[in-house]
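Here is the structure we will look at.
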Amino acid sequence: MELRPYQQEAREAIFEQWDGGVLKTLLVLPTGCGKTIVFAKVTEDCVRRGDRVLILAHRGELLEQAADKIRQSTGLGCAVEKAEETCMGSWFRVVVGSVQTMMREKRLGQFPEDYFQTIIIDEAHHCISDSYQKVLNHFSSAKILGVTATPDRGDMRNLGSYFESLSYEYTLPKAIKEGYLSPIKALTIPLKIDMTGVGVQAGDFKASDISTALDPYLQGIAQEMEKYCKDKKTVVFLPLVKTSQKFRDLLNAHGFRAAEVNGDSQDRSEVLEAFDRGEYNVLCNSMLLTEGWDCPSVDCVVVLRPTKVRSLYCQMVGRGTRLSPGKDHLLLLDFLWHTERHELCHPASLICQDEEVAKKMTEHIEQAGCPVDIEEAEKTAAEDVVAQREEALAKQLEEMKRRKKKLVDPLQFEMSIQAEDLSGYVPAFGWEMGPPSEKQKATLEKLGILPDQIENAGKAAKILDRLDKRKEEGLTTPKQIRFLEGRGFQHVGTWQFETARKLIDRIAANGWRIPQGINPQEYKGA
């Protein structure tokens, strides 16, 4: 099985980390981008190197999927460590193991500490829990790969307390742009749902409180869904099983063919297969289908389980992002959740790194009144935020330009190259949080950036990496930005190096005055 380009890059990046001495590394791929295929191929490479590999997960479906994918893509068989089954005495080099089984003292004690040389954790955002840590600490010398869909900053900071690096990340916008995932259109339904009485437990909204708050609105939501979802194949996420069952009955009364599945459903696999075949057009569930279930033909997702946890939100939406014949986009229904105290996830949470841009994007989608492509909405919101920031910082930048410095302030550099990811950067791993090294500071200064304003090593590394990429792409240097923006030219960071060089040569030849006929405010570097 041939890997896609980003999957091959991910595979190579993981081994670069391990071979470079970083034992605990993370791989982040959006739902639907084939993370199981990537770690199946990594498993094959490890077995070739002589390793015994443990695939660790918290649900039986994930273990079965992993074993099937490894067998299909590499031909390798897997032993199982779950309930009554054990891998002890097996000649298979790959073991799929349930964390609930592996963590038991008696079971874990049977394994020598060096029994596994590599451990791969599926849905790695769970691995901070005590049960996982007990298993991982037992095999303390093993190389670790954690695999997860896009985590939120809170998750990333938590994961950063265990993992030492992020070996590779493929983003949702990139996957959509490169044609591997379906475009997403978000629609805000003008139904104000009052969440003010909903409490918080373990960092997220309490499911029982959401259910109570949601109950009076279910009829109105079913009526709204009639307008937009009649010709769609829809998955609805709800807070409790009883709410899910009630909503299924309401939808059927509104002319939908709706089914419901939960953890106790005896006929769960039959219902899922029937939905896949098209016998039902809506599937209601109480958070059962967030992991380990795929139905590519789903083209509408309704999140009636509001959450503050971005990874959970991404997983719910991810049930509809896979490609399927005849499907040109995923429709994502959002609601006007009214909450005074807590920030919750919206469609903007899927692609925005910057909170200010996310807020602006959510406002735009709410005001649109029709489905909006989330990438276009993000671009518009980012432009608006940049314009606002430019206005607010104009005076500050003027003062910077007046000061006779040879170096560019990082803030000016970020704004000039329009780098939202740099201005919204928050360190996650331990090493990133420390101060920049002397070597980093010296290199930044040599390249024309003022290092004094850079607070941590992670930000310094990101700027240095960006400078390297800009050099490869033939874009302007910080010194060119400093010189030309000091003379009133705009967004010099988006220009080509050669364009800036030729203009500076013309200014130099004109006695360091701007040549006649050139208006810096209107001059385009293209």
Side-chain angles (χ1 to χ4, degrees), residues 1-19 23 25-99 101-102 110-112 114-124 135 139 141-149 167-168 170 175 180-181 269 273 276 291-296 322-324:
M1 187 178 290
E2 199 170 324
L3 294 182
R4 294 167 176 175
Y6 69 85
Q7 293 172 330
Q8 183 57 30
E9 285 170 19
R11 179 189 191 177
E12 288 166 8
I14 291 159
F15 282 98
E16 272 174 31
Q17 293 295 308
W18 283 342
D19 294 342
L23 290 186
T25 194
L26 260 178
L27 166 66
V28 175
L29 290 183
T31 302
C33 284
K35 60 185 173 64
T36 318
I37 284 290
V38 176
F39 76 65
K41 287 296 188 182
V42 168
T43 300
E44 181 182 29
D45 294 338
C46 289
V47 169
R48 282 205 175 116
R49 290 179 172 206
D51 288 6
R52 192 182 273 119
V53 182
L54 170 65
I55 314 288
L56 201 55
H58 67 296
R59 280 174 56 175
E61 294 100 318
L62 297 172
L63 295 173
E64 286 160 23
Q65 273 185 13
D68 285 347
K69 202 69 85 172
I70 288 167
R71 187 164 41 250
Q72 287 166 22
S73 60
T74 70
L76 291 169
C78 297
V80 177
E81 194 70 27
K82 189 182 91 171
E84 304 306 313
E85 297 178 83
T86 181
C87 66
M88 298 304 276
S90 165
W91 58 274
F92 287 127
R93 303 293 294 175
V94 184
V95 178
V96 293
S98 146
V99 70
T101 301
M102 290 292 296
Q110 294 174 358
F111 292 93
D114 60 354
Y115 191 81
F116 296 107
Q117 290 75 48
T118 303
I119 299 176
I120 296 172
I121 309 161
D122 196 6
E123 307 294 356
V135 177
F139 303 108
S141 61
K143 301 188 294 292
I144 311 290
L145 171 65
V147 188
T148 182
S167 56
Y168 191 84
Y170 190 58
Y180 294 115
L181 289 181
S269 57
E273 283 167 22
D276 202 1
E291 296 172 345
W293 174 71
D294 300 328
C295 180
R322 283 177 166 81
L323 301 175
S324 183

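When side chains are defined from C-beta on, Leu54 does not count as touching Tyr115, because their heavy atoms never get closer than 4.5 Å. Two residues are said to be in side-chain contact when any heavy atoms from C-beta on lie closer than 4.5 Å; Ser98 and Leu63 meet this criterion. In this structure the side chain of Leu27 reaches within 4.5 angstrom of the side chain of Leu145, judged on heavy atoms. For the pair Ile119 and Lys143, the minimum side-chain heavy-atom distance is 4.5 Å or more. Between Trp18 and Val42, some side-chain heavy-atom pair lies under the 4.5 Å cut-off. Contact annotation: the side chain of Tyr180 approaches that of Pro5 to within less than 4.5 Å [non-hydrogen atoms, C-beta and beyond]. Put simply, the side chain of Leu29 does not reach to within 4.5 Å of the side chain of Val147, judged on heavy atoms. Side chains of Val99 and Val135 form a contact here, defined as non-hydrogen atoms less than 4.5 Å apart.
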**Message:** Applying side chain to side chain contact (heavy atoms under 4.5 Å, CB included) to Lys82 and Glu64, what does each step give before you reach the verdict?
**Reply:** CA-CA 11 Å; Lys82 189 182 91 171; Glu64 286 160 23; 4.2 Å; yes
**Message:** Go through it in stages, so that I can follow the logic: the residues are Gln8 and Arg11, the test is side chain to side chain donor-acceptor pair (under 3.5 Å), and I'd like the CA-CA distance, side-chain angles, deciding distance and then a yes or no.
**Reply:** CA-CA 5 Å; Gln8 183 57 30; Arg11 179 189 191 177; 3.2 Å; yes
**Item:** salt bridge (charged side-chain N to carboxylate O under 4.0 Å, His left out) assessment of Lys35 paired with Glu123
**Value:** CA-CA 10 Å; Lys35 60 185 173 64; Glu123 307 294 356; 3.5 Å; yes
**Request:** Please test Asp51 against Arg93 for salt bridge (charged side-chain N to carboxylate O under 4.0 Å, His left out), starting from the C-alpha separation and ending with a verdict.
**Result:** CA-CA 7 Å; Asp51 288 6; Arg93 303 293 294 175; over 6 Å; no
**Request:** Tell me, with the steps shown, if Phe39 and Ile55 meet side chain to side chain contact (heavy atoms under 4.5 Å, CB included).
**Result:** CA-CA 9 Å; Phe39 76 65; Ile55 314 288; 4.0 Å; yes
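Distance check: Cys78 SG to Lys69 NZ gives 13.0 Å after rounding to the nearest 0.5 Å. If you take OG1 on Thr25 and OH on Tyr168, they are separated by 13.0 Å, rounding to the nearest 0.5 Å. The CD atom of Glu9 sits 11.0 Å away from atom CG of Leu3, with the distance rounded to the nearest 0.5 Å. Rounded to the nearest 0.5 angstrom, Ser269 OG and Trp293 CH2 are separated by 13.0 Å. Here the straight-line distance linking atom CD1 of Ile70 with atom CD of Gln65 works out to 11.5 Å at 0.5 Å rounding.
Residue Met102 comes nearest to Phe116 through the heavy atom pair CE-CE1, 4.3 Å, listed as atom of the first residue, atom of the second, then distance. Across all non-hydrogen atoms, the minimal contact from Ala124 to Leu26 is CB-CD2, 4.2 Å. Closest approach of Arg322 to Thr31, counting heavy atoms only: NH1-CG2, 3.8 Å. Closest heavy-atom contact between Phe15 and Cys46: CZ-SG, 3.9 Å. Between Phe139 and Pro112, the shortest heavy-atom contact is CE2-O, 3.5 Å. Contact record, Ile37 with Ser73: CD1-CB, 4.1 Å, taken as the closest heavy-atom pair.
Among Val53, Thr43, Asp45, Leu23, the one residue that satisfies the side chain to side chain contact (heavy atoms under 4.5 Å, CB included) test with Thr118 is Val53.
No donor-acceptor pair under 3.5 Å is formed between the side chain of Gln7 and the backbone N or O of Val38. Thr101 contributes a side-chain N or O that, together with a main-chain N or O of Ala83, makes up a donor-acceptor pair within less than 3.5 Å.
For the residue pair Ser167/Gln17, the side-chain donor-acceptor check at 3.5 Å is not satisfied.
For Ala175, the side-chain contact (heavy atoms from CB on, under 4.5 Å) partners two or more places apart in sequence, or in a different chain, are Cys33, Tyr170, Leu181.
With salt bridges taken as basic N to acidic carboxylate O contacts below 4.0 Å, one links Arg49 and Asp19. In this structure, Lys41 pairs ionically with Glu44, as a charged nitrogen and a carboxylate oxygen lie closer than 4.0 Å.
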